[in-house]
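So the structure is just underneath, and the comments pick up after that.
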Amino acid sequence: MRVVSGIQPTGNLHLGNYLGAIKQWVAMQDALDAGSDALFFLADLHALTQPVVPAELARNTVEMAAALIASGIDPDRSIVFNQARAPAHSELAWILNGTARIGWLNKMTQFKDKAGKNREGASVGLYAYPVLMAADVLAYRTTHVPVGEDQKQHLELARDVAIKFNNDFACDVFLPPEPLVSKAAPRIMSLRDGTKKMSKSEESDMSRINLADSDDAIAQKFRKARTDAEPLPESAADLAERAEARNLVTIYAALSDVSMDAVLGEFAGQGFGAFKPALADLAVATLGPIRDRMNALLEDRGAVSAILAAGGAKASALAAPTLRAAQEAVGLQV
């Protein structure tokens with residue numbers, strides 16, 4: 001089994017990133033058998049699809065690597081690297097551009113969402129980055145890719161590219177990867193509006209819990225989180241029409257690794273005056289040590305960069321046979 005996943009180094013990771021992706025990655029790493037591989041990368045090449053400030057991109061890449069490691073991704077057990085340190089991603093993406101079809105890319109909903117009304121002014125990279133995403137996983141003959149609902153379309157494109165390439169060139173260079181969907185991965189919403197995903201782009205900092213937040217800030221944000229006046233019910237089904245209440249219970253359940261019904265079994269009938277402090281204490285106990293480890297790692301940024309460089313070398317070695325096979329399949333003389 002070989003698992004590959006990436007995250008853009010946008011900086012300022014928040015609770016939604018941790019519970020929705022990073023915590024799941026740690027669980028995958030810990031569950032892998034000997035002989036299996038896990039590769040987790042900072043998608044700095046994907047970041048170039050939008051305008052970037054070079055110094056910020058470089059800083060965010062190191063800081064997010066530190067956050068992954070502080071959260072439990074172990075460089076001795078998993079391969080941690082930034083995309084640019086594994087050139088096979090870029091080289092293979094160009095080869096696969098000859099296989100992917102414009103019609104496929106035209107169906108990608110994320111391009112439509114991100115380009116908006118400025119479609120003609122969007123970068124070519126924003127349009128074509130699903131091919132790079134395909135290369136990200138196909139380069140390693142990945143067996144499984146962790147995906148959320150918003151990423152299934154990209155994995156399907158990667159599978160289509162792999163199958164078409166193999167058929168076009170009568171080879172078996174690429175292994176179509178399977179989705180790895182974690183039912184436990186929660187969708188964390190804004191603390192100010194339970195109908196919107198928690199996001200670093202939301203104007204109010206009170207809408208999210210940042211991994212860098214102090215204990216006091218975490219407690220204050222949960223204390224002021226938007227809720228309703230009703231007490232907590234006995235089952236999760238009764239929260240269907242209570243977006244903010246459901247969000248807070250979801251967060252508590254995800255942090256404590258129990259079901260929402262189990263949380264409600266403890267707090268049913270109580271109001272948020274009792275629930276919010278308990279949630280804040282749990283969040284501080286979970287996130288505080290991660291923040292402290294992250295800050296300690298960032299006292300020596302050179303050491304974090306060295307971890308990324310070592311991971312990039314390992315990733316490149318794993319990708320080299322597949323890249324070479326793809327080059328040979330299309331007749332490139334290298």
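For the atom pair OG of Ser256 and CD of Glu266, the computed distance is 8.5 Å after rounding to the nearest 0.5 Å. Between the NE2 atom of His14 and the CG atom of Leu211 there is a distance of 9.0 Å, given to the nearest 0.5 Å. Within the model, atoms CD1 of Ile218 and CD1 of Ile209 stand 6.0 Å from one another, a figure rounded to the nearest 0.5 Å. Between atom CZ of residue Arg77 and atom CG of residue Asp37 there is a gap of 13.0 Å, rounded to the nearest 0.5 Å. Distance check, rounded to the nearest 0.5 Å: CG of Leu279 to CZ of Phe267 gives 8.5 Å. Residue Leu255 holds its CG atom at 4.5 Å from CG of Leu282, rounded to the nearest 0.5 Å.
Side-chain atoms of Gln153 come within 3.5 Å of backbone atoms of Lys107 as a donor-acceptor pair (strictly under, hydrogens ignored). Panel note: side chain Gln83, backbone Leu45; a donor-acceptor pair is recorded below 3.5 Å. Between the side chain of Arg242 and the main chain of Ala240, no donor-acceptor pair closer than 3.5 Å is present. With hydrogens and angles ignored, the 3.5 Å screen pairs a side-chain donor or acceptor of Asn247 with a backbone N or O of Met189. Not a single donor-acceptor pair under 3.5 Å links the side chain of Thr49 to the backbone N or O of Gly125. In terms of modelled atom types and a separation under 3.5 Å, the side chain of Lys314 and the main chain of Ile79 share no donor-acceptor contact. No donor-acceptor pair closer than 3.5 Å links the side chain of Gln8 to the backbone N or O of Ala43. Judged by distance alone, with hydrogens and angles left aside, the side-chain atoms of Arg141 form no donor-acceptor pair with the main-chain N or O of Thr322 at under 3.5 Å. Although no hydrogens or angles enter the test, the distance criterion places no donor-acceptor pair under 3.5 Å between the side chain of Arg208 and the main chain of Met198. Using a distance-only test at 3.5 Å, with no hydrogens or angles considered, a donor-acceptor pair links the side chain of Asn166 to the main chain of Val173.
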Please evaluate residues Tyr127 and Asn106 with respect to the criterion side chain to side chain donor-acceptor pair (under 3.5 Å), reporting the C-alpha separation (whole Å), side-chain torsions for both, the decisive distance (0.1 Å), and the verdict.
CA-CA 8 Å; Tyr127 180 75; Asn106 284 340; 2.7 Å; yes
Test His46 against Leu132 for side chain to side chain contact (heavy atoms under 4.5 Å, CB included), laying out the working first.
CA-CA 8 Å; His46 285 292; Leu132 177 57; 3.6 Å; yes
Going through the distances and angles, do Glu241 and Arg246 end up as a salt bridge (Lys or Arg N to Asp or Glu O under 4.0 Å)?
CA-CA 8 Å; Glu241 304 300 322; Arg246 182 176 181 85; over 6 Å; no
Test Met28 against Val3 for side chain to side chain contact (heavy atoms under 4.5 Å, CB included), laying out the working first.
CA-CA 8 Å; Met28 291 172 200; Val3 177; 4.2 Å; yes
Walk me through whether His89 and Asp136 qualify under side chain to side chain donor-acceptor pair (under 3.5 Å).
CA-CA 6 Å; His89 290 242; Asp136 293 337; 2.7 Å; yes
Stepwise salt bridge (Lys or Arg N to Asp or Glu O under 4.0 Å) test for Lys221 and Asp205:
CA-CA 9 Å; Lys221 288 179 179 181; Asp205 191 61; 2.8 Å; yes
When you look at Leu191 and Met206, which way does the side chain to side chain contact (heavy atoms under 4.5 Å, CB included) test go after all the steps?
CA-CA 7 Å; Leu191 298 182; Met206 295 298 290; over 6 Å; no
Run the numbers on Arg159 and Glu178 for salt bridge (Lys or Arg N to Asp or Glu O under 4.0 Å), then give the verdict.
CA-CA 8 Å; Arg159 290 176 54 83; Glu178 297 292 334; 3.3 Å; yes
Can you check side chain to side chain donor-acceptor pair (under 3.5 Å) on Asp292 and Asn295, steps first, answer last?
CA-CA 5 Å; Asp292 293 343; Asn295 290 337; 4.8 Å; no
Decide side chain to side chain donor-acceptor pair (under 3.5 Å) for Asp193 and Thr195; before the verdict, give the C-alpha distance in whole Å, the side-chain angles of both, and the deciding distance to 0.1 Å.
CA-CA 5 Å; Asp193 183 349; Thr195 65; 2.6 Å; yes
From CA spacing to verdict: side chain to side chain contact (heavy atoms under 4.5 Å, CB included), Met64, Leu68
CA-CA 6 Å; Met64 289 188 70; Leu68 295 183; 5.6 Å; no
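Salt-bridge check for Lys276 with Asp281: failed, with every basic side-chain N at 4.0 Å or more from each acidic carboxylate O. With salt bridges taken as basic N to acidic carboxylate O contacts below 4.0 Å, none links Glu156 and Lys152. Electrostatic pairing of Arg101 and Asp160 does not count as a salt bridge here, judged by no charged N lying under 4.0 Å from a carboxylate O. In this structure, Arg192 does not pair ionically with Glu244, as no charged nitrogen and carboxylate oxygen lie closer than 4.0 Å.
More than 12 heavy atoms of other residues, nucleotides or ligands shown are found within 6.0 angstrom of CD on Glu328. The environment of Arg226 atom CZ is sparse: at most 12 non-hydrogen atoms of other residues, nucleotides or ligands sit within 6.0 angstrom.
Between Ser305 and Val62, the closest heavy-atom pair is OG-CG2, 3.6 Å. The two atoms that bring Ala315 and Tyr140 nearest to each other are O-CE2, 3.1 Å, heavy atoms only. Taking every heavy atom of both residues into account, Ala47 and Leu57 meet most closely at CB-CD1, 3.8 Å. For Lys23 against Leu19, the heavy-atom pair with the smallest separation is CD-CD2, 3.7 Å. Among all heavy-atom pairs drawn from Pro75 and Val80, the shortest one is CA-CG2, 4.3 Å. Considering every non-hydrogen atom in both Ala122 and Phe111, the closest pair reads CB-CE1, 4.0 Å.
Hydrophobic clustering, with ILVMFWY side chains joined whenever heavy atoms are under 4.5 angstrom apart, keeps Met133 apart from Val124. Grouping the Ile, Leu, Val, Met, Phe, Trp and Tyr side chains by contacts below 4.5 angstrom, directly or via other members, places Val131 apart from Leu48. Residues Val53 and Leu42 fall into different hydrophobic clusters, defined by Ile, Leu, Val, Met, Phe, Trp and Tyr side chains chained together at heavy-atom separations under 4.5 Å. Both Leu232 and Ile251 belong to a single network of hydrophobic side chains, linked directly or stepwise wherever heavy atoms of I, L, V, M, F, W or Y lie under 4.5 Å apart. Residues Phe169 and Leu175 do not share a hydrophobic cluster, clusters being chains of Ile/Leu/Val/Met/Phe/Trp/Tyr side chains in contact below 4.5 Å.
Between Tyr129 and His154, the ring planes are tilted. Angles from 30° to 60° get that label. The aromatic rings of Phe272 and Phe275 stand perpendicular to each other, their planes meeting at an angle above 60°, with 30° marking the opposite boundary. Note: Phe40 and Trp25 have parallel aromatic rings, judged against thresholds of 30 and 60 degrees for the angle between ring planes.
Judged purely by distance below 3.5 Å, without hydrogens or angles, the side chains of Ser235 and Asp238 pair a donor atom with an acceptor atom. Counted by atom type alone, Asp44 and Asn82 present one or more donor-acceptor pairs between their side chains at under 3.5 Å.
With a 4.5 Å cut-off on side-chain heavy atoms, Val4 and Phe41 count as touching. Looking at Lys200 and Asn210, their side chains never come closer than 4.5 Å, going by heavy atoms from C-beta outward.
For the side-chain hydrogen bond (donor to acceptor under 3.5 Å, both in side chains) test, no residue two or more places apart in sequence or in another chain qualifies with Ser123.
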